[in-house]
*Asks:* 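Dropping the structure in here first, questions after.
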Amino acid sequence: MVLNPVISKLAGKLVVLASASPRRQEILRNVGLRFEIVPSWFKETLDKRLFKAPHEYAVETAKQKALEVARRMPIKHLKTPDIVIGADTIVTVDGMILEKPVDKHDAYRMLSSLSGKEHSVFTGVAIILCHEKENEEVDYQLMDFYEETKVKFADLSEDMLWEYINSGEPMDKAGGYGIQALGGMLVEYVHGDFLNVVGFPLNRFCKQLNIIYNHSPPSLDQEHESVHPSHNGTHATSVHTQPSQSSAAKHSSSSTTPGQTHHTPNSPSTSPLHKVKRKGNEGEGSESLWTLVDSLSKHTDDRKAELHDSENTALPLTGSRGQVIEISVTGHEDCEPHEEDLKRISQLIDGFRASKALFTASQLRVFDQLHRTPRAEAAQVAQELKASVKGIECLLEACVSLGLLKKVSPGVSTPSCQKALYENTELATTLLRSDAPFSLRGHIQRCNDTVWPLFSHLESAVQEGAPQHDKAFGKKTSKDVLQDSSQDDKLRFMSAMHGIARVTGKSVATAFDLSCYKTACDLGGCTGAMACELTKAHPGLSVTVFDLPAVVEKSEHFQPLCGDNRISFVAGDFFKDELPKADLYILARVLHDLPEEKVNILLKKIAAACTTGCGLLLSEIFLDEERRGPSRGLLQALGMSEGRQRSAEEYSLLLKSHGFTTTHVRHTGNLLDAMLCIKA
Ligand SMILES: C[S@@+](CC[C@H](N)C(=O)[O-])C[C@H]1O[C@@H](n2cnc3c(N)ncnc32)[C@H](O)[C@@H]1O
């Protein structure tokens, strides 16, 4: 077994995986490799047309990813890794390279092109060894390889395709499928390394590591080892003793950004900072390839220039194996931030101002006032709202810039001294007026009154690992805040829930065919907004809204919502009381807020109340598998006291542990996603 000796050689070394893919992380973790994860900033934007074969593209992308991290770490993280691993997986069919789909239609295009056919999955892997020298320069040596696996898909019907796409699984996967999960059902056969399809060719990687650590790599002064073609045809290399330039290197040099000077032997550098040569030389029996990639000074002056390179630039490092490559890196240039990055960061910095401007306008009822009296001057609005003209003028202008209000220019015939007039945008009319059917005013108020104070103590919340209810409200937990709240506060809470349920209810209620169910029970159904959408969408369904007595008592404030006599309210505590009988239970925005033990108590109770075939409709924000988004879920988690946000897969596993099988997952595109599970 090649792995164990390699693992022990890696002990104590800083191994870095330049990939955020949880699948790659899992594969490597499962074999006991200890590593840090530093996702690469290199964007996968190399021009595919410039590569003769698809695997060259995958290998080049893997190299660029690994190199970007290897070069960034000494500068940004102030530590030099010993080894950086980069990988890129692509799917090819009919001469096309398929990466990750950008949206559902792209996923459809990809999956339908794979239907009934054999395709290839290539993973390019780059291993970069970093050698820190005494003068604080870092030298990099590169080894790369790729693995090909053939996969055949069954014929996929339209229904199957869409069902799979709507599961959300295709979105972050090369070729639009994940063989290790639901996508496995689409596959007829796999020829080659299965893990290569998952995202990392482990077997081949271990062999390469074995070559690195059990045959010592060449010193930088030595001639470098060369490669032989591998037996499985996945890796064809040749040995060159003469300098030559590969097509990939030629092409990628054309993508060099202004300010950089990357040179191949055919275009020597005029002012190289580092000039590095690699010589090809055949080494008997060896399978390794070493490329001296680059030297990078850690001195401060050079850092700026190197950062500039490291952001997302395709460096023409190597061509095909065994060729002489020269690289020169110009330094001492100012690192200009990208325009996009500046926009993004200033949006984030100003985000709190925008939120607070919206909260204030909503609180002062600016949108209600402009609905009553559209096209009003700031002074008029100020007078009605009993606020200062100066303050209201600033607020109205800010709201215009945020797209909440429109500023109507005085007409041509009106005197130029006439003041600007303000009116609601459509967004304000639909969502911000307090009497709009889909008003989010209650939710906005709650954000202002409850979330804002909590977030102003975020630093201590993060330091202590707990939200700061005591600092913000003088109460211990969110439950205490709710319990001790006045009748008005309770109504406000319900109004906040109501707004979100109104805007999301239809997407959730229509996400699945529920025609087989006759009775539903919405546990924690609050004002009955979801029940209303469910009865509208499913004419044969009656819904019981089950909530705490204090909530049910006040539900009449929100009635009649849709005047349907198929909706009834039952007061109770779902942890203590018997649950109303139903053949479909609904849990919308309940589980994420509960501590694990309470989640299990509740699910156990529901499972006990269910007979076989009984449904459970869950509606929550589903995080993506890698927990990289959506940010509204992750930001919400920052202020949560007891619960946790989960991915669809995590919910699915949780429900499975209580005897429910997930049949459908819908990323609705609305604020909440949905999952339908059946009691097995
Ligand atoms: C976050 S709100 C969600 C409301 C609604 N499902 C929605 O999506 O808009 C949680 C709801 O669960 C209710 N709830 C909390 N604890 C409960 C309990 N022990 N028994 C019954 N309902 C409860 C709350 O009163 C509240 O209406």
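From a predicted model like this one, the values you see are computed outputs, not experimental measurements. Both counts, for ligands and for their atoms, begin at 1 and track the order of listing. Computation of the quantities below employed the complete heavy-atom set of this structure, encompassing side-chain atoms and omitting hydrogens, waters and symmetry-equivalent molecules. FYI, the numbering just counts along the sequence from 1.
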*Asks:* Counting heavy atoms only, which of Asp573, Ile601, Leu579 is nearest atom 19 (N) of ligand 1?
*Replies:*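 It is Asp573 that holds the nearest heavy atom.
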*Asks:* Does Phe575 have Lys598 sitting over its ring (NZ/CZ under 6.0 Å from centre, angle to axis within 45°)?
*Replies:*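 Ring-cation test returns yes.
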*Asks:* Heavy-atom pairs closer than 4.0 Å: do any link ligand 1 to the side chain of Val551, the backbone, both, or neither?
*Replies:*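 Within the 4.0 Å criterion, Val551 contacts ligand 1 through side-chain atoms alone.
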*Asks:* Give me the atom names and distance for the closest heavy-atom approach of Thr612 to Ala680.
*Replies:*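 Where Thr612 meets Ala680 most closely, the heavy atoms are CG2-C, 3.9 Å.
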*Asks:* Considering only heavy atoms, which of Gly505, Gly525, Gly524, Ala501 lies nearest to atom 5 (C) of ligand 1?
*Replies:*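 It is Gly524 that holds the nearest heavy atom.
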*Asks:* Do any N/O atoms on Leu523 end up under 3.5 angstrom from N/O atoms on ligand 1?
*Replies:*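 There is no such contact.
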*Asks:* Hey, looking at atom 8 (O) of ligand 1, which of Met530, His592, Lys598, Arg589 has the closest heavy atom?
*Replies:*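 Residue with the shortest heavy-atom distance to the ligand atom: Arg589.
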*Asks:* Considering only heavy atoms, which of Phe574, Phe493, Phe575 lies nearest to atom 23 (C) of ligand 1?
*Replies:*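 Closest candidate by heavy-atom distance is Phe574.
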*Asks:* Please compare Val552, Asp593, Thr504, Asp547 and report which has the shortest non-hydrogen distance to atom 14 (N) of ligand 1.
*Replies:*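 Considering heavy atoms of Val552, Asp593, Thr504, Asp547, the nearest to atom 14 (N) of ligand 1 sits in Asp547.
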*Asks:* Is it the case that over 12 heavy atoms from other parts of the model lie below 6.0 angstrom from the CD atom of Glu597?
*Replies:*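 Above 12, so yes.
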*Asks:* If you measure only the distance, is there a donor-acceptor pair under 3.5 Å linking the side chains of Asp368 and Ser434?
*Replies:*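 Yes, Ser434 and Asp368 have a side-chain donor paired with an acceptor closer than 3.5 Å.
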*Asks:* Which ligand 1 atoms, with their elements, are less than 4.0 angstrom from a heavy-atom of Gly572?
*Replies:*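 The list of qualifying atoms is 20 (N), 21 (C).
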*Asks:* Within ligand 1, which atoms have a heavy atom of Ala588 less than 4.0 Å away?
*Replies:*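 Heavy-atom distances to Ala588 below 4.0 Å select 3 (C), 5 (C), 6 (N), 7 (C), 8 (O).
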*Asks:* Determine, for Lys536 against Glu533, whether the closest basic-nitrogen to carboxylate-oxygen distance falls under 4.0 angstrom.
*Replies:*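 The answer is yes: the pair qualifies as a salt bridge.
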*Asks:* When you measure from the centre of the six-membered ring of Phe438, is the NZ or CZ of Arg502 closer than 6.0 Å and no more than 45° off the axis?
*Replies:*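 Geometry flag: set, cation within 6.0 Å and 45°.
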*Asks:* Would you say that Ser647 contacts Asp624 through its side chain, given a criterion of any heavy-atom pair below 4.5 Å between the two side chains?
*Replies:*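 Not touching, per the 4.5 Å side-chain cut-off.
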*Asks:* Do Asp522 and ligand 1 have an N or O pair less than 3.5 Å apart?
*Replies:*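 Checking ligand 1 against Asp522, no N or O pair falls under 3.5 Å apart.
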